[in-house]
Amino acid sequence: DLIVHVRDITHPETILQKATVLSVLKNLNLPSRLLDSMVEVHNKVDLIERYKPTEENALAISALRGHGLEELKEEIEKKILIATGKKILTVNVNLQGPQLSWLYKEATVQEVEVMPEDGTARVKVIIGNSAFGRYKSLFPN
């Protein structure tokens, strides 16, 4: 669904390495949407003082120091959701009913916050449009 190209930005041949990787990917006859949505990651920015990527849409990270990893995670999540046609939703479910079990089977449950006072839960899920449509028809409330 997504290509993440991680480069050692401190390597003396980093530009040539990028060109080689892009050439190989193009020769694999991958769908153009996959190449167009590729995430470009510049790693080891902690070794270059005040590093700023000059390439459009490149993310600067330091895997060692943890710098930029949250932004990278958000970008990957955003691109995967676009590529797969899914979305992240929070739905309220009655814990006495079958909704939570259904969501575990048909979606990706990320988080469940139980409200014991009223027997419900807020459930954060990753779900496709068709599955969400089925959910709404099965559980209209």
Side-chain angles (χ1 to χ4, degrees), residues 1-95 97-141:
D1 294 320
L2 182 66
I3 296 173
V4 178
H5 181 206
V6 181
R7 291 170 46 200
D8 173 355
I9 208 63
T10 65
H11 192 282
E13 299 293 331
T14 188
I15 302 294
L16 180 59
Q17 288 176 335
K18 177 183 179 177
T20 302
V21 167
L22 291 177
S23 175
V24 169
L25 289 173
K26 286 178 182 162
N27 287 333
L28 291 174
N29 294 319
L30 299 171
S32 61
R33 65 163 178 76
L34 197 54
L35 293 173
D36 294 341
S37 67
M38 181 169 56
V39 176
E40 177 80 20
V41 181
H42 295 179
N43 190 26
K44 297 190 180 181
V45 298
D46 56 303
L47 300 178
I48 301 174
E49 195 170 324
R50 293 189 197 104
Y51 179 79
K52 294 267 192 262
T54 56
E55 297 170 40
E56 191 177 332
N57 300 321
L59 298 171
I61 71 161
S62 167
L64 179 67
R65 305 262 188 253
H67 169 76
L69 295 182
E70 191 58 37
E71 293 85 357
L72 174 58
K73 180 183 161 220
E74 290 170 9
E75 183 68 12
I76 290 172
E77 185 175 86
K78 180 179 87 176
K79 296 256 177 126
I80 288 288
L81 291 173
I82 291 168
T84 61
K86 295 187 179 183
K87 53 187 156 198
I88 298 176
L89 297 173
T90 300
V91 293
N92 293 319
V93 301
N94 180 335
L95 292 173
Q99 293 98 324
L100 186 56
S101 175
W102 190 93
L103 287 170
Y104 270 108
K105 287 180 196 160
E106 301 295 330
T108 302
V109 175
Q110 290 193 306
E111 194 175 297
V112 178
E113 181 186 350
V114 175
M115 274 76 72
E117 61 278 355
D118 62 0
T120 64
R122 277 191 210 102
V123 184
K124 183 178 175 186
V125 295
I126 300 173
I127 192 166
N129 288 331
S130 62
F132 187 57
R134 288 192 312 274
Y135 178 83
K136 288 191 303 190
S137 68
L138 287 169
F139 312 109
N141 296 336

message: As a quick check of understanding, evaluate side chain to side chain contact (heavy atoms under 4.5 Å, CB included) for Ile88 and Glu77, giving each step before the final call.
response: CA-CA 10 Å; Ile88 298 176; Glu77 185 175 86; 3.5 Å; yes
query: Hey, is CD on Glu117 packed in by over 12 heavy atoms from elsewhere, all under 6.0 Å?
result: yes
query: Can you name the nearest heavy-atom pair linking Ala107 to Val125, along with the distance?
result: CB-CB, 4.2 Å
task: First locate atom CG of Leu47, then atom NE2 of His11, and finally report the distance between them rounded to the nearest 0.5 Å.
output: 13.5 Å
- prompt: Side chains of Ile3 and Leu34: does their closest heavy-atom pair fall under 4.5 Å?
  reply: yes
field: Note, Val4 side chain near Val6 side chain (heavy atom, < 4.5 Å)
entry: yes
message: Measuring only between side-chain heavy atoms, which start at C-beta, is Tyr51 closer than 4.5 Å to His42?
response: yes
Side chain to side chain contact (heavy atoms under 4.5 Å, CB included) partners of Lys79, counting only residues at least two apart: Leu2, Ser37, Val39, Glu75
field: Criterion side chain to side chain contact (heavy atoms under 4.5 Å, CB included) on Val45 and His67, from CA distance to verdict
entry: CA-CA 8 Å; Val45 298; His67 169 76; 3.7 Å; yes
No-hydrogen, no-angle side-chain donor-acceptor test under 3.5 Å, Thr90 and Arg122: no
query: Hey, what do you get for CG (Leu64) to CG (Leu69), rounding to the nearest 0.5 Å?
result: 10.0 Å
task: Test Val93 against Phe139 for side chain to side chain contact (heavy atoms under 4.5 Å, CB included), laying out the working first.
output: CA-CA 9 Å; Val93 301; Phe139 312 109; over 6 Å; no
- prompt: Asn129 and Lys86: side-chain donor and acceptor closer than 3.5 Å?
  reply: no
field: Thr120 vs Leu95 side-chain heavy atoms within contact, under 4.5 Å
entry: no
query: Which pair of heavy atoms, one from Ala131 and one from Trp102, lies closest together, and at what distance?
result: O-CH2, 3.2 Å
field: Nearest-0.5 Å distance that lies between atom CD in Gln99 and atom CG in Leu138
entry: 9.5 Å
- request: Please test Arg7 against Asn43 for side chain to side chain contact (heavy atoms under 4.5 Å, CB included), starting from the C-alpha separation and ending with a verdict.
  value: CA-CA 6 Å; Arg7 291 170 46 200; Asn43 190 26; over 6 Å; no
task: First locate atom OG of Ser62, then atom CD1 of Ile9, and finally report the distance between them rounded to the nearest 0.5 Å.
output: 13.0 Å
- prompt: Going by heavy atoms in the side chains, are Lys26 and Leu35 under 4.5 Å from each other?
  reply: yes
field: Distance-minimising heavy-atom pair for Ala121 and Val112
entry: CB-CG1, 4.0 Å
- prompt: Measuring from Asn92:CG to Asp118:CG, what's the distance to the nearest 0.5 Å?
  reply: 8.5 Å
message: Do Glu40 and Lys18 have side chains that approach each other closer than 4.5 Å (heavy atoms only, starting at C-beta)?
response: yes
- prompt: If you measure from NZ on Lys124 to CG on Leu103, what distance do you get to the nearest 0.5 Å?
  reply: 14.5 Å
query: How far apart are the closest heavy atoms of Ile61 and Gly68, and which atoms are they?
result: CG2-O, 3.6 Å
- prompt: So, Ser101 side chain and Pro98 main chain: donor-acceptor pair closer than 3.5 Å or not?
  reply: no
Atom CZ of Arg65: over 12 foreign heavy atoms under 6.0 Å: no
message: With heavy-atom distances below 4.5 Å as the criterion, would you say the side chains of Lys87 and Ile126 are in contact?
response: no
- request: Write down the atom of Asp1, the atom of Arg33, and the distance for their closest heavy-atom approach.
  value: O-NH1, 4.5 Å
